[in-house]
Amino acid sequence: MSDSPRDQLATQLAEAVAEALRHDLASQERALLVVSGGSTPVPFFHALSAVELPWSQVDVTLADERWVAETASDSNARLVREHLLQGPAAAATFVPLTSEAATPEQGAAEVAARLRPLWWPASVVILGMGGDGHTASLFPDSRELSLALTTAEPVVAVRTPSQPQPRITLSADRLHQARRHVLHLTGEEKRSVLARALTGDDSRELPIRAFLACPLAIYWAP
Ligand SMILES: O=C1O[C@H](COP(=O)(O)O)[C@@H](O)[C@H](O)[C@H]1O
C-alpha cells in the first residue's frame with residue numbers, strides 16, 4: 001500500500017531537515033533543531049528519527065511547551081521523547097522547556113539559562129499552527145502576546161484564556177533568528193487559516209503572520 005499524502009509530506013520534510021542539519025554540521029560542532037508539539041509532527045518525528053545523521057552533535061528543543069510534568073499526556077517533551085528520540089535519533093540531546101518550578105513565570109529564567117549554551121541560531125525551526133492562527137504558544141488571546149512578539153528575551157511565560165494550562169514559548173525574536181523556517185500543516189481547515197493569514201498583516205489577530213516573511217517553507221498535505 002502506498003504512503004498517505006501526510007506520510008509522504010513527513011518523509012519529504014524529514015529529508016529536508018536532515019539535509020539542513022548535515023549542511024550546518026559540516027562547518028560547526030553542533031546544530032540545534034527546534035520542533036513543535038501537537039499531533040501534526042508525529043509522522044515527521046518517526047521519519048526523522050530513522051535517518052542516519054551525526055545525532056550526537058544535534059540538540060533538540062521545542063518551540064513551546066505546556067507547563068506540565070513530562071509524564072503528562074499533553075507534554076510536548078514526552079511527545080518528542082516517544083516519537084523523535086528513538087532509533088538513531090536517540091543519540092541527540094533533548095533540552096526541555098520546563099523545570100521543577102511551580103509556574104512558567106518562576107521557571108523561565110532557569111529555562112533561558114539552559115538554552116543559552118546551545119548553538120544559536122537554530123539550524124531549523126519547525127512551526128505548527130492551530131486553527132486560531134497560533135504558532136508556538138503565541139496565541140491571539142494571550143495576555144503576553146505583545147511581549148512575546150517583541151521581546152529580545154529567549155522565552156516568555158504565557159497565560160491564555162483559551163488554553164487549560166499555562167505555557168512557555170520561545171519568543172518570536174528567538175524563533176526568527178533561525179537559519180531556516182518551516183511551517184508544517186495538514187488539512188483543509190489549516191489551509192484556509194493560512195490563506196486568511198496571507199491576506200493581512202496583523203500578527204495579533206493571527207500570530208502565524210509574524211513568520212510569513214521569514215522566508216517560510218510551507219509543508220502542507222490534505
Ligand atoms: O498547542 C499546540 O498546537 C500547535 C498545533 O497543534 P496540532 O495538534 O494542530 O498539530 C503546535 O504547533 C504547538 O506547538 C502546540 O503547543
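Excluded from the calculations below are hydrogen atoms, water molecules and symmetry mates; all remaining heavy atoms, backbone and side chain alike, are included. Just so it is clear, the model here is predicted, and its values are computed rather than measured. Counting starts at 1 for both ligands and their atoms, following the listed order.
Between H83 and F45, the distance from one ring center to the other does not fall under 6.0 angstrom.
Note that R174 lies in the cation-pi zone of W120, set by a 6.0 Å cut-off to the ring centre and a 45° limit from the axis.
Side chain to side chain, S142 and E144 meet the donor-acceptor criterion of an N or O pair below 3.5 Å. For S203 and R209, the side-chain atoms include no donor-acceptor pair closer than 3.5 Å.
For T135, no heavy-atom contact with ligand 1 is shorter than 4.0 Å. Residue R66 touches ligand 1 through its side chain alone, judged by heavy-atom distances below 4.0 Å. At a 4.0 Å heavy-atom cut-off, ligand 1 does not touch E65 at all.
Given atom 5 (C) of ligand 1, the protein heavy atom at minimum distance is M129 O, 3.8 Å. The protein non-hydrogen atom at the shortest distance from atom 3 (O) of ligand 1 is H134 NE2, 3.2 Å. For atom 12 (O) of ligand 1, the closest non-hydrogen atom of the protein is G128 CA, 3.3 Å. Atom 6 (O) of ligand 1 has G38 CA, 3.7 Å as its closest protein atom, hydrogens excluded (heavy atom only). Among protein heavy atoms, the minimum distance from atom 14 (O) of ligand 1 is reached at D64 OD1, 2.7 Å. Among protein heavy atoms, the minimum distance from atom 10 (O) of ligand 1 is reached at T40 OG1, 2.6 Å.
Atoms CZ and OG, on R66 and S73 in that order, are 9.0 Å from each other to the nearest 0.5 Å.
Of all heavy-atom pairs spanning Q57 and Q28, the tightest one is NE2-O, 4.4 Å. Taking all atoms of both residues into account, the shortest heavy-atom contact from P96 to R114 is O-NH1, 2.6 Å.
At least one heavy atom of G37 sits closer than 4.0 Å to an atom of ligand 1. Between K190 and ligand 1 there is a heavy-atom distance shorter than 4.0 Å.
The distance from ligand 1 to the heavy atoms of N76 drops below 4.0 Å at these ligand atoms: 16 (O).
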**Message:** Quick one, L62 with V80, criterion side-chain contact (heavy atoms from CB on, under 4.5 Å). Give me CA distance, side-chain angles, the key distance, then yes/no.
**Reply:** CA-CA 9 Å; L62 285 157; V80 167; 3.8 Å; yes
